[in-house]
Amino acid sequence: MQATCSAYFSTNILMITRSAPGKLILCGEHAVVYGQPAIAIPVDGVRATAHITAQEQEGVVFDAADLGERWRLEDRPEHPLSRLFVATLQRLGHREPPPLRIELHSSIPVASGMGSGAALAAALVEALAVYIRGAEDRQLSPQQVAELVFESERFYHGTPSGIDNTVVSYRYPIWFQRTPTVPIIEPITVGGCATLVVGDTGVRASTRTMVEHVRAGWRADPLTFDHLFAQIGQIVQSVRQLLGAGDMHAVGQLLDHNQRLLDQLGVGSLELQRLLEAARGAGAWGAKLSGGGGGGVMLALVDAQGADTVRRALREAGAVQVIETVLGPY
Ligand code: PMV
């Protein structure tokens with residue numbers, strides 16, 4: 001999967017456009033915060049985009065119409081995207097911000113577990129790098145982008161594992177595991193083909209709140225929670241092997257099992273449950289929430305022929321948006 005990048009020149013306008021995909025956590029969320037592995041995939045059908053243009057008047061203007069926000073860098077230096085802008089500029093060896101207009105758009109559902117914040121941040125970092133450095137061979141590496149985006153994720157999430165910023169920067173399915181030093185990041189091989197049908201409950205849930213909720217449970221009963229995290233870690237190991245072998249039916253069963261453990265962590269919800277049951281009833285191989293939970297999105301693994309039936313069932317069960325993406329060889 002390639003990032004989308006383009007530059008338009010007219011008499012006196014240079015516009016740099018860069019976009020980054022949304023993401024889904026296939027399995028392992030929450031346990032990944034405690035050192036277990038997780039698998040995440042980019043979702044190219046929904047994207048965040050940054051357009052950067054030079055402007056004549058001094059200063060930097062951010063215009064994020066989809067978020068209902070417009071601000072000047074000097075007025076809101078504490079805004080996470082202002083901070084990210086300054087950090088990226090420094091990383092690129094620039095101190096003084098050039099006069100710029102930065103337009104941000106996103107088709108990724110916000111606060112729903114699809115990585116909208118991380119994708120916006122990655123698009124901004126990459127667009128700025130292209131604007132400042134120009135030549136492709138002097139661009140930031142995916143790892144450098146991921147590190148910059150991680151800093152802005154910390155603002156929103158408190159103690160993020162690092163999986164969201166990594167998958168939207170690398171743009172291929174990843175195995176991700178936190179360690180006391182650097183995280184383990186490996187590409188995932190997918191040997192078969194399936195469709196992921198994603199249903200949005202329309203309930204916006206804060207990842208930070210859900211992560212804190214799990215942490216409170218872990219503090220109260222570390223033995224039980226450590227055991228649940230370890231079981232999720234084993235599921236992720238098995239899913240990796242089954243994906244490589246192309247046994248999507250068996251992957252589906254493990255996703256159902258992962259959901260039962262997520263319910264025990266206390267991150268399910270009635271709205272999620274309704275969509276999960278609808279997807280299974282419509283013939284999905286398996287289904288689970290994706291991301292922080294408490295609302296947000298769920299995913300169902302289905303064969304390509306069954307996708308329409310599951311899509312309809314999710315709509316009838318109240319999904320406010322349904323997105324499809326292919327899980328197959330990259
Ligand atoms: O809700 P999202 O898309 O930000 O996903 C969060 C995944 C968690 O495992 C719950 C938190 C994390 O930082 O990994």
Side-chain angles (χ1 to χ4, degrees), residues 20-43 46-48 80 106-122 146-147 149-170 173-179 183-185 196 198-218 225 228-233 235-236 239 255 258-259 261-269 271-272 288-299 321 323 325:
K23 73 99 202 357
L24 286 170
I25 298 183
L26 187 64
C27 50
E29 53 272 271
H30 286 291
V32 69
V33 176
Y34 297 80
Q36 297 293 337
I39 295 174
I41 63 163
V43 179
V46 285
R47 307 189 72 83
S106 176
S107 60
I108 307 169
V110 176
S112 66
M114 291 199 70
S116 63
L120 261 183
E147 282 166 9
V149 175
F150 183 68
E151 290 308 313
S152 72
E153 287 285 286
R154 274 180 13 165
F155 185 87
Y156 290 111
H157 290 188
T159 53
S161 62
I163 191 168
D164 285 15
N165 51 298
T166 304
V167 70
V168 302
S169 305
Y170 280 65
I174 55 161
W175 166 275
F176 181 92
Q177 189 167 18
R178 242 177 146 172
T179 76
I184 300 168
I185 300 160
L196 283 171
V198 180
D200 185 356
T201 59
V203 178
R204 301 290 163 242
S206 140
T207 301
R208 180 190 274 262
T209 307
M210 299 316 292
V211 168
E212 280 168 5
H213 178 66
V214 172
R215 189 167 299 276
W218 176 70
F225 272 64
L228 290 169
F229 297 146
Q231 284 177 274
I232 293 175
I235 289 177
V236 177
V239 166
L255 298 187
N258 192 168
Q259 177 61 37
L261 297 168
L262 286 163
D263 282 332
Q264 289 179 54
L265 291 180
V267 294
S269 77
E271 293 84 358
L272 280 165
K288 63 179 276 295
L289 68 83
S290 183
V297 298
M298 48 69 70
L299 55 82
Q321 190 177 356
I323 294 163
T325 190

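We count ligands from 1, going down the list as the structure has it; atoms in each ligand are counted the same way.
- Those atoms of ligand 1 with a heavy atom of Ile163 less than 4.0 angstrom away are 14 (O).
- Side chain of Asn165 to main chain of Ala146: a donor-acceptor pair is present (N/O by atom type, distance under 3.5 Å, no hydrogens or angles).
- Proximity to Val32 (heavy-atom distance under 4.0 Å) selects the following atoms of ligand 1: 9 (O), 14 (O).
- Remark: side-chain polar atoms of Lys23 are paired, donor with acceptor, to backbone N or O of Gly113 under 3.5 angstrom.
- No N or O atom of Gly162 sits closer than 3.5 Å to an N or O atom of ligand 1.
- Between Gly295 and Thr201, the shortest heavy-atom distance links the atoms C-OG1, 3.5 Å.
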Quick one: do Tyr34 and Arg215 satisfy side chain to side chain contact (heavy atoms under 4.5 Å, CB included)? Show the steps, please.
-> CA-CA 10 Å; Tyr34 297 80; Arg215 189 167 299 276; 3.6 Å; yes

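- A donor-acceptor contact shorter than 3.5 Å links the side chain of Gln177 to the backbone of Gly35.
- Atom 9 (O) of ligand 1 has His30 N, 2.9 Å as its closest protein atom, hydrogens excluded (heavy atom only).
- The closest protein non-hydrogen atom to atom 7 (C) of ligand 1 is Ile25 CD1, 3.5 Å.
- Of the protein's heavy atoms, Lys23 NZ, 2.4 Å lies nearest to atom 3 (O) of ligand 1.
- Of the protein's heavy atoms, Ser161 OG, 3.3 Å lies nearest to atom 12 (C) of ligand 1.
- Within ligand 1, the atoms closer than 4.0 Å to a non-hydrogen atom of Pro160 are 13 (O), numbered from 1 in the order shown.
- Using a 4.0 Å cut-off between heavy atoms, Met210 makes no contact with ligand 1 at all.
- Residue-to-ligand polar distances keep Thr159 apart from ligand 1: every N/O pair is separated by 3.5 Å or more.
- In this structure a side-chain-to-backbone donor-acceptor pair under 3.5 Å is missing from Arg178 to Val32.
- Using a 4.0 Å cut-off between a side-chain N of Lys or Arg and a carboxylate O of Asp or Glu, Glu151 and Arg154 qualify as a salt bridge.
- When hydrogens are left out, the protein atom nearest atom 5 (O) of ligand 1 is Gly291 CA, 3.6 Å; that is the closest non-hydrogen contact.
- Contact of the Phe229 side chain with the Trp218 side chain is registered, since non-hydrogen atoms from C-beta on lie closer than 4.5 Å.
- Remark: minimum distance from atom 6 (C) of ligand 1 to any protein heavy atom is reached at Thr207 CG2, 3.6 Å.
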